[in-house]
Amino acid sequence: MDIRNLTCISCPMGCQITVEMNGSEVVRVSGNTCKRGEVYARKEVTDPTRIVTTTVRVAGGKADMVSVKTRSDIPKGKMSDCVKALKDIAVEAPVHIGDVIMSDVAGTGVDIIATKNVSKI
Amino acid sequence: MESYDIVIIGGGPAGLAAAVSAKRSGISSILILERDKELGGILNQCIHNGFGLHTFKEELTGPEYAQRFIDQVEELGIGYRLNTMVMEISREKVITAVNREEGLFEIRAKAVILAMGCRERSRGALNIPGYRPAGIYSAGTAQRLVNMEGLMPGREVVILGSGDIGLIMARRMTLEGAKVKVVAELMPYSGGLKRNIVQCLDDYGIPLKLSHTVVDIKGKERVEGVTLAEVDQSGKPIPGTEEEYPCDTLLLSVGLIPENELSNGMGVEMNSATSGPVVNESLETNIEGVFACGNVLHVHDLVDFVSEEAAAAGKNAASYVKGELRAESARTIRLVPAEGVRYTVPSTIDPDRMDETLTVRFRVGAVYKNCFVSAYFDDERVLRRKRQIVAPGEMEEIRLVKEQILKYSGLKAITVKIEEA
Ligand SMILES: Cc1cc2nc3c(=O)[nH]c(=O)nc-3n(C[C@H](O)[C@H](O)[C@H](O)COP(=O)(O)OP(=O)(O)OC[C@H]3O[C@@H](n4cnc5c(N)ncnc54)[C@H](O)[C@@H]3O)c2cc1C
Ligand code: SF4
């Protein structure tokens, strides 16, 4: 039996939740004050996902960097691959909010999009 | 001399929302003065997401949130000047500013909105003994370096202070390949949002040491390590608890302080609990026609509330210019923070000038669980709301209703306090 300890972030209470796991199966969730905590904990231990935000170099723009994000959540375990994949690329100015900077980042099927406008010099 | 109905000092989220609201309230002669090379303020360097949940019902990054307001400013044709630093404002509302094109120049305003934001507390205020080697940065400076200039301040990092900027930078630098060894917090609780502790520290196994501080910094030219120690209840290091952490970088995230040199210079009365101006229900300072909003008024953690507050300031400034904001009557009700409540914004209410409802924002001084937020009209309790938890890191609010206040003739003070169950 595996025990996972989590802090629920669904409200400022921040309940300490304990999840008992049998392999990848959730056996018991305890410590949560309400149902939302259980939903959060189940997702966290079986399929944790995050939005990733980082920056990419810009060539010929008014700024050197443009901020970007994953269009939707990606698996937590893919976060550093995602940042690595964007490390050595550069995009040409102009860049607009929502422009696709890279499609299917790190094999997640999710696009990287710009979150800032950078105009040409 | 050039003149405008409303001049707004600062083009961050507060300044932008104030401008948009003033314009929508019927004022067309508006000018925003911003010292940076772009509008948007601190949001330009906050590339993480989590902004705008209240305002737009979606999670935006800082630059995206800022752009939504910049777009409105452009669409409404509101004027702004970038790279323009305001040097001084006189009581008569003459603004002295400087930029490359015009040099030093003066502008006369009928109303002024202060929206200068805040800056980070510096390490000078920290009292860490020893040398001052390279490699010590404020968390916000590091954020600017990494996110706007693409530079990494170092590879092995210790962070002092668990404010949100420090937490966000722990994650950011980890993802960029640095090793963040520990975050030390002097207080027995973190000043940061819970979600940031989970998603920026727990996600990466970065330990958070509460009731700990830096007692020594090693290295002469460049930081080589820091020594942490546990502190007792009075904040004094406990001998024998020292632990050494080799590192090349120390980030300080020890709090923000409203940027009020200009306000002080013009004689605006200040609140010692917020380090921001004392304001009335209209967010007007003791100087008639001078309003304040956003982080210059009190430090906010959610930009949505900055925008909301700033929109109120913009609307009130517009009423003032139009002559619709009555002179303050003799009847002012004091708002008194008590028992657990550190401050309230505003500090006074003139019931004749207030809107149908008024949002009073405040912060508590410690963590309280299963408590009540209560408001007393003089000695009578009129509002009591159960809260599972309140904490210093999260701003609280209550709403006051004009109709209810008007029923209490002769009301002198409204006291806001935390009552334990
Ligand atoms: C690192 C960090 C992370 C944050 N994370 C979040 C988050 O995840 N979610 C969220 O909702 N909120 C977050 N916030 C809070 C939110 O971003 C701020 O509360 C908000 O930006 C404050 O807006 P403001 O306009 O009052 O100040 P600022 O954004 O600081 O803008 C003030 C502007 O005034 C200008 N200025 C100052 N003095 C002068 C002068 N003399 N002349 C001309 N211009 C001047 C400055 O250049 C600046 O542009 C974060 C804040 C910080 C610092
Ligand atoms: S379990 Fe419920 S009460 Fe506890 S933190 Fe999560 S949402 Fe809040």
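Residue numbering restarts at 1 for every chain, and letters A, B, ... go by the order of the sequence lines. Just so you know, these numbers come straight off a predicted model, no measurement behind them.
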**Q** Rounded to the nearest 0.5 Å, what separates atom CG in B/Leu175 from atom OG1 in A/Thr53?
**A** 8.0 Å
**Q** Quick check: under 4.5 Å, non-hydrogen atoms only, which of residues 182-190 of chain B neighbour chain A?
**A** none
**Q** Which region of B/Glu149, side chain (C-beta onward) or backbone (N, CA, C, O), has a non-hydrogen atom less than 4.5 Å from a non-hydrogen atom of chain A, or is it both or neither?
**A**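 Contact with chain A involves the backbone of B/Glu149 alone.
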**Q** Any salt bridge between B/Glu38 and A/Lys62, counting N to O under 4.0 Å?
**A**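 No.
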**Q** So for atom NZ, which belongs to A/Lys120, do other residues, nucleotides or ligands contribute more than 12 heavy atoms lying within a distance under 6.0 Å?
**A** no
**Q** Checking B/Glu176 against chain A: side chain, backbone, both or neither under 4.5 Å from a heavy atom?
**A** both
**Q** If you count every heavy atom of other residues, nucleotides or ligands that lies below 6.0 Å from A/Glu25 atom CD, does the total exceed 12?
**A** no
**Q** Heavy-atom distance under 4.5 Å to chain B: side chain of A/Lys84, backbone, both or neither?
**A** neither
**Q** Mind checking whether B/Asp203 and A/Arg50 have side chains closer than 4.5 Å, heavy atoms only?
**A** yes
**Q** To the nearest 0.5 Å, what is the distance between OH (B/Tyr65) and OG1 (A/Thr115)?
**A** 15.5 Å
**Q** Is a side-chain N or O of A/Arg57 found less than 3.5 angstrom from the main chain of B/Gly150, in a donor-acceptor match?
**A** yes
**Q** Could you check which of A/Gly98, A/Ala63, A/Ser67 has the highest count of heavy-atom pairs closer than 4.5 Å to chain B?
**A** A/Ser67
**Q** Under a 4.5 Å heavy-atom cut-off, does chain A meet the side chain of B/Val390, its backbone, both or neither?
**A**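 For B/Val390, neither part sits under 4.5 Å from chain A.
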**Q** Picking from B/Glu59, B/Met148, B/Arg172, B/Arg171, which has the most non-hydrogen pairs under 4.5 angstrom with chain A?
**A** B/Arg172
**Q** Is it the side chain or the backbone of B/Tyr204 that comes within 4.5 Å of chain A heavy atoms, both, or neither?
**A**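 Only the side chain of B/Tyr204 comes within 4.5 Å of chain A.
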**Q** Do A/Ile51 and B/Gln199 have side chains that approach each other closer than 4.5 Å (heavy atoms only, starting at C-beta)?
**A**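 The answer is no, as the side chains (C-beta and beyond) never meet within the 4.5 Å cut-off.
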**Q** Got a second to check how far B/Arg195's CZ is from A/Cys8's SG, nearest 0.5 Å?
**A**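 Answer rounded to 0.5 Å: 12.5 Å.
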**Q** Among A/Thr33, A/Leu6, A/Asp64, A/Thr54, which has the most heavy-atom pairs under 4.5 Å with chain B?
**A**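 If we count pairs closer than 4.5 Å to chain B, A/Thr54 comes out on top.
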**Q** Distance from A/Thr55 atom OG1 to B/Gln45 atom CD, nearest 0.5 Å?
**A** 12.5 Å
**Q** Side chains of B/Gln67 and A/Asn117, heavy atoms from C-beta outward: is any pair under 4.5 Å?
**A**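 Yes, side chains in contact.
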**Q** Could you go through the side-chain contact (heavy atoms from CB on, under 4.5 Å) check for B/Glu64 and A/Lys69 one step at a time?
**A** CA-CA 11 Å; B/Glu64 289 172 303; A/Lys69 69 176 180 186; 3.1 Å; yes
**Q** To the nearest 0.5 Å, what is the distance between CD1 on B/Ile47 and NZ on A/Lys116?
**A** 11.5 Å
**Q** Distance from A/Asn5 atom CG to B/Asp202 atom CG, nearest 0.5 Å?
**A**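 Answer rounded to 0.5 Å: 10.5 Å.
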**Q** Please classify the contact between B/Asn49 and chain A as side chain, backbone, both or neither, with a heavy-atom cut-off of under 4.5 Å.
**A**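 Contact with chain A: backbone and side chain both.
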**Q** Answer yes or no: is there a side-chain heavy-atom contact under 4.5 Å between A/Thr7 and B/Ile197?
**A** no
**Q** If you count heavy atoms of other groups shown closer than 6.0 angstrom to NZ of B/Lys386, is the number above 12?
**A**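 Yes, NZ of B/Lys386 has more than 12 neighbouring heavy atoms, counting only those of other groups under 6.0 Å.
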